Amino acid sequence: MSNAYDPKEVEQKIYALWEKNKFFHAKTGTDKKKYSVVIPPPNVTGILHMGHALNNTIQDILVRYKRMQGFEVLWMPGTDHAGIATQNVVEKKLKAEKKRKEDLGREKFIENVWQWKEKYGSTIINQLKRLGCSCDWDRERFTMDEGLSNAVKEVFVDLYNRDLIYRGTYIINWCPRCRTALSDEEAEHMDIDGAFYHIKYPIIRKNQQGNPTKDDYVVVATTRPETMLGDVAICVNPKDKRYKHLKDAQEVTLPILNRKLKIIFDEEVDVEVGTGVLKVTPAHDPVDFELGKKYGLEEINVMNEDATINAIGGEFEGMDRFEAREAIINKLKQMGLFVKSEVHRHAVGHCYRCNTMVEPRLSPQWFVKMKPLAVPAIKAVEKDEINFYPKRWEKVYLNWMNNIRDWCISRQIWWGHRIPVYYCQNCYDDKDLTDNRRGVIVSKTKPEKCPECKGTDIKQEEDVLDTWFSSWLWPFSTMGWPQKTKELHEFYPTSMLATAQDIIFFWVARMIMAGYAFMGKAPFKDIYIHGIVRDDKGRKMSKSIGNIIDPLDIIDKFGTDALRFSIISITAQGQDIFLSEKKFEVGRNFANKLWNASRFVKMNLKEDVIGVSLEDLVKCGKLNSADRWIISRFYKTADEVSKYLETYKLNDAANRIYEFVWHEFCDWYLEMSKLTIEQKNTQVVLYNILEMSLRIMHPIMPFISEEIWQGLPKEEDAKISIMVSLWPKSKKKMKDTVIDKKMALIIEIIQTVRNIRANWKIEPVKFIDIAIKVTQDEEVDMIRDNQIYIKRLARVENITVSTTVEKPEHAGVAVIGDLELFVPLKGVIDIDREKLRLNDLIDELKKKLNLVSDRLEKGDFVNKAPEKIVNMEKERKNVLETEISGLEKNLAQL
RNA sequence: GGGCGCGUAGUUCAGUUGGUUAGAAUAUCUCGUUUACACCGAGGAGGUCAGAGGUUCGAGUCCUCUCGCGCCCACCA
């Protein structure tokens, strides 16, 4: 064992050991307890970022913890096919070869994507291994696998037959760059500085002669002037007095195209916005679309798939939407119809994959009716069948679910699950797209012939499904659904889902809906929502800002365990995590501390420590105070750590372990153990406490705990990995509050002496004498019994303890509860300084005493507060009073 | 426009159902002896718990308002 801990070689070696022995689905116990978690499948194009690292560390901690508790654990890893993202990646690659996907054709292109996936798709999986994830790698899944694809088809057909899937022509979010529809969730709203363009539309009055006069205009305000090419009407609020005169008008003229526009009156129009006049463009705006339906207006689409203007735009044909915007403004200016533009900040949807501004577009798409699916999913959370940790996310979830809108699931890309819908070319009328089922065959397999006309010319739908349409089935599709498999029987519903808040709507809510719709049960019981990883300024980590902290860099620099420990220790439930590289030093230092402590223990294990149980040692009552104390502390710690892990307070668990290992075990116990290190009992305690400490920290720091554990002596038939050892059980008899209190006092005495030494600048090497005045005889024995610790750790030569100790003539003085401690200071004393110090101390104590006395004099407190609290205060008052009188006496003597 | 979260030591954060003297880590200062560890040890200093009011015997914790910061949702063209 070398001096400093070097994680790199250790990690590789250890992971290989686990993989070789297939510990990932090993059972440590004989119980039938099952535990399964749902991994948020990372995007197959992705590389591990800090969010993944956090998410998977959380899952791995819980999985390892449960496995050590004897649960049979199932943690299925995998990736999703990330339709748009993956297609973009492969298209980019083709572009570098100066090819377009259209040149290859659909089949060839998909072949290309698969090749890409085979080559690069396991990057993130390998990175998860470096993170130490103990997933069941033999069961890795991919959303495009045959099994999962089968589940997707099954679900589509089922939902269609239940009337929960329909096709219709509506305004959807369209990404002109990816040239596909997006769901509402995939359009990310971002505030941008736009403008309100004020444009004059000429009014044509009834019975009007000649051209309109210069007053015959109505001013329309729009943020997207280019869509005016598709205007079919203008609309004002009937209550708006400013536009009363429009009731006498017949029509208005659309500038440039000179189309006649209807004038409609509808309460929907907000008088406050813009000029109060809304231009109605049913094919390019959702509000206008509704108005169009209401008033039977024509839908004029003026754009192509890539958001360039189409032939209807006349002279603007072929221009990009933003180019057209400018050109139209210029034209209007020439015509004298442009009034002004006003700065206007508003939220505009952007494609979540390529960040292109979304264009609302009228097109035929497939939708899932969400309201009926939401009903059981809402109830489940309301009735606490599913619990969010922290609970506040329930509100967010319920709010979204109660206002849920239909889900646009069709995508106009090639990579994904092709929609299992077939059209009979004979009887299907592709002009009538709204709810027309004639000639539409929805089937898992391609039908031989049309059931209506027996025609055999049948073509499959070109669109593919939203990637989330496969992800939302993950909890059961990965277990073999729709087959009735053993896994489903044993592991569904799963126990826990850990994820960040950003995919609650995308994924969590939909999984719950799918769980009820297809399994009749919730997919999981607990949802642990952790924060989002940000940089130390609170910004999301992103490539464009360049503030990414790469977990693999951190692993290289500090080690995986350091990464895991550090990030977990700062992840308070539900709070976002602000990271900087510095924060990983904590974990690295901790690993190093543990390593060195273990070296110390190992080099001192001279006796045969195997086969002696701590229980027996405790029972026979021959352990010295320090040995007995650390056992008690350990079991207390283990209980607390278990409690924290059960309630998803992983940071508390990590910090409790840190506190125990560093401060209780290393700082105090190891130092004390040096006094009796030659004794077998002490060695047995050292060994067992270290070994069990390794076990409770194993879920958080799997590599170093395993490495040290491997180097410890073991019984011959012992398990070969800490990973499958048992979690220390709570044992009441091993905890001892009396010894806890005694040692706490001894420790405080030591600290007090050290304090006085520092205060008086007593040479560190010098041994000194101390005297302690106690109030009870038992305390005399207690301190005498444990004086070796005081002598050693505070560098004390002689200790005088009794109830009658008098303060020596010149002495440093301290009060610990009801005992007084004196350090004779012959030769070094500075009386004035000590006087000042005592005075300050007395003042401080008096202030506290006053507060306590005031409270005790208050009738309300004595009468209304619980007796326990009142007694506590009374006791405190007594202690303060004795402290003060003692100090005053000392001061007088000085 | 609606909803949520956060303002605690120089800095980064903990603080369970209100209850003894508000805790860590890090930075800083002093010192450094000892059979693991300088990625270390000992000791010190550092807080009007954002502000104002209220409930209570008792508030960092509960309520109301104000100020500052962040996030999510939403078809105001």
Side-chain angles (χ1 to χ4, degrees), chain A residues 1 3-5 171 184 189 196 220-224 227 235 268-270 272-275 277-281 285-290 344 346-347 349 360 392-393 395-396 399-400 403 501-502 504-505 531-532 534 536 538-540 558 562 569-570 572 574-580 582-583 585-586 588-604 647 649 651-652 655 658-659 666-667 670-671 674 677 750-751 754-759 761 763-766 792-795 844 848 851-852 855 858-866 868-870 872-873 875-876:
Chain A
M1 231 167 156
N3 263 20
Y5 174 58
I171 298 264
D184 293 338
H189 288 267
F196 250 141
V220 169
T222 177
T223 52
R224 293 187 299 150
T227 64
C235 185
E268 279 294 296
V269 176
D270 192 330
E272 302 288 313
V273 180
T275 58
V277 183
L278 173 69
K279 65 184 214 30
V280 183
T281 324
D285 186 279
V287 179
D288 299 14
F289 177 76
E290 292 301 322
H344 179 62
H346 59 153
R392 66 184 154 89
W393 291 107
K395 272 188 243 162
V396 178
N399 182 46
W400 187 75
N403 297 296
Q501 61 210 236
D502 52 355
I504 291 180
F505 307 140
I532 290 176
R534 299 172 182 282
D536 54 356
R539 301 171 302 186
K540 256 187 177 173
F558 299 97
S569 72
I570 58 173
Q575 277 334 106
D576 283 351
I577 298 104
F578 289 21
L579 270 188
S580 62
K582 210 160 174 30
K583 298 203 170 169
E585 289 175 7
V586 178
R588 183 254 268 142
N589 294 353
F590 184 46
N592 188 254
K593 184 76 180 175
L594 176 68
W595 183 257
N596 284 304
S598 306
R599 280 201 312 136
F600 171 79
V601 172
K602 272 189 233 179
M603 68 178 64
N604 282 295
T647 49
K649 294 182 178 171
N651 61 324
D652 287 328
N655 292 327
Y658 181 94
E659 164 71 21
C666 292
D667 286 351
L670 285 193
E671 293 309 318
K674 286 172 184 172
I677 197 86
I750 294 167
Q751 286 174 326
R754 285 171 173 171
N755 180 329
I756 291 173
R757 295 182 69 115
N759 230 317
K761 302 209 186 309
E763 274 178 83
V765 216
K766 193 169 181 151
R792 163 127 185 164
L793 299 181
R795 290 233 134 194
E844 205 180 301
K848 283 179 189 168
L851 284 176
V852 177
R855 195 180 294 181
K858 214 158 46 171
D860 275 345
F861 174 73
V862 180
N863 298 331
K864 291 185 186 170
K868 219 169 121 188
I869 304 282
V870 177
M872 217 155 61
E873 286 295 290
E875 202 176 307
R876 222 183 117 211

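Everything quoted here is computed from the prediction, not taken from an experiment. Protein chains get the first letters and strands the later ones, always in sequence-line order, with residue 1 at the start of each.
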Value in whole Å for how far the [atom2] atom of [N] lies from [atom1] of [X]:
X	N	atom1	atom2	value
A:E763	B:U34	CD	C1'	16 Å
A:N399	B:C4	CG	C1'	10 Å
A:F600	B:C37	CZ	P	10 Å
A:D860	B:U55	CG	C1'	14 Å
A:E268	B:C76	CD	C1'	10 Å
A:K864	B:U56	NZ	P	8 Å
A:I756	B:A42	CD1	C1'	14 Å

Between A:N651 and A:L670, which has a closest nucleotide on RNA chain B that is more 5'? A:N651
5'-most contact on RNA chain B: A:W400 or A:T222, nearest heavy atom basis? A:W400
Applying a 4.0 Å non-hydrogen cut-off, can you work out what [X] is touching in the nucleic acid: base, sugar-phosphate, or nothing?
X	value
A:A591	nothing
A:C235	nothing
A:K868	nothing
A:F289	nothing
A:V280	nothing
A:R224	nothing
A:L278	base
A:R588	base
A:P360	nothing

Protein-nucleotides 24-26 of chain B N/O pairs closer than 3.5 Å?
residue : atom : partner : partner atom : Å
B:A25   : OP1  : A:H663  : NE2          : 3.2

Could I get the full list of ring-ring contact (aromatic ring centres under 6.0 Å, His included) partners for A:F505, not counting sequence neighbours? A:W400
Heavy atoms of A:S569 and A:N651 approach each other most closely as O-CB, 3.5 Å
Among all residues two or more places apart in sequence or in another chain, which pass the side-chain hydrogen bond (donor to acceptor under 3.5 Å, both in side chains) test with A:E659? none
Residues in side-chain hydrogen bond (donor to acceptor under 3.5 Å, both in side chains) contact with A:R754, at least two apart in sequence or another chain: none
[atom1]-based separation of [M] from [N] [nearest Å]:
N	M	atom1	value
B:A9	B:G47	C1'	5 Å
B:U61	B:U56	P	16 Å
B:U48	B:C39	C1'	38 Å

[N] phosphate, OP1 or OP2: any side-chain N/O from [X] under 4.0 angstrom?
X	N	answer
A:H189	B:C73	no
A:N403	B:C73	no
A:H344	B:A77	yes
A:K593	B:G41	yes

Using the rule given for side chain to side chain contact (heavy atoms under 4.5 Å, CB included), can you reason through A:R795 versus A:K766, listing the C-alpha separation, both sets of side-chain angles and the distance that settles it, and then say yes or no? CA-CA 7 Å; A:R795 290 233 134 194; A:K766 193 169 181 151; over 6 Å; no
Measure from the side-chain N and O atoms of A:R855 to the backbone N and O of A:E873, and report whether any donor-acceptor pair falls under 3.5 Å. no
Could you write out RNA chain B as a dot-bracket string, with dots for unpaired bases, | for bases paired across to another strand, and Watson-Crick or G-U pairs counted at under 3.5 Å? (((((((..((((.....[...)))).(((((.......))))).....(((((..]....))))))))))))....
Across all chains, not counting sequence neighbours, the salt bridge (Lys or Arg N to Asp or Glu O under 4.0 Å) partners of A:K582 are A:E585
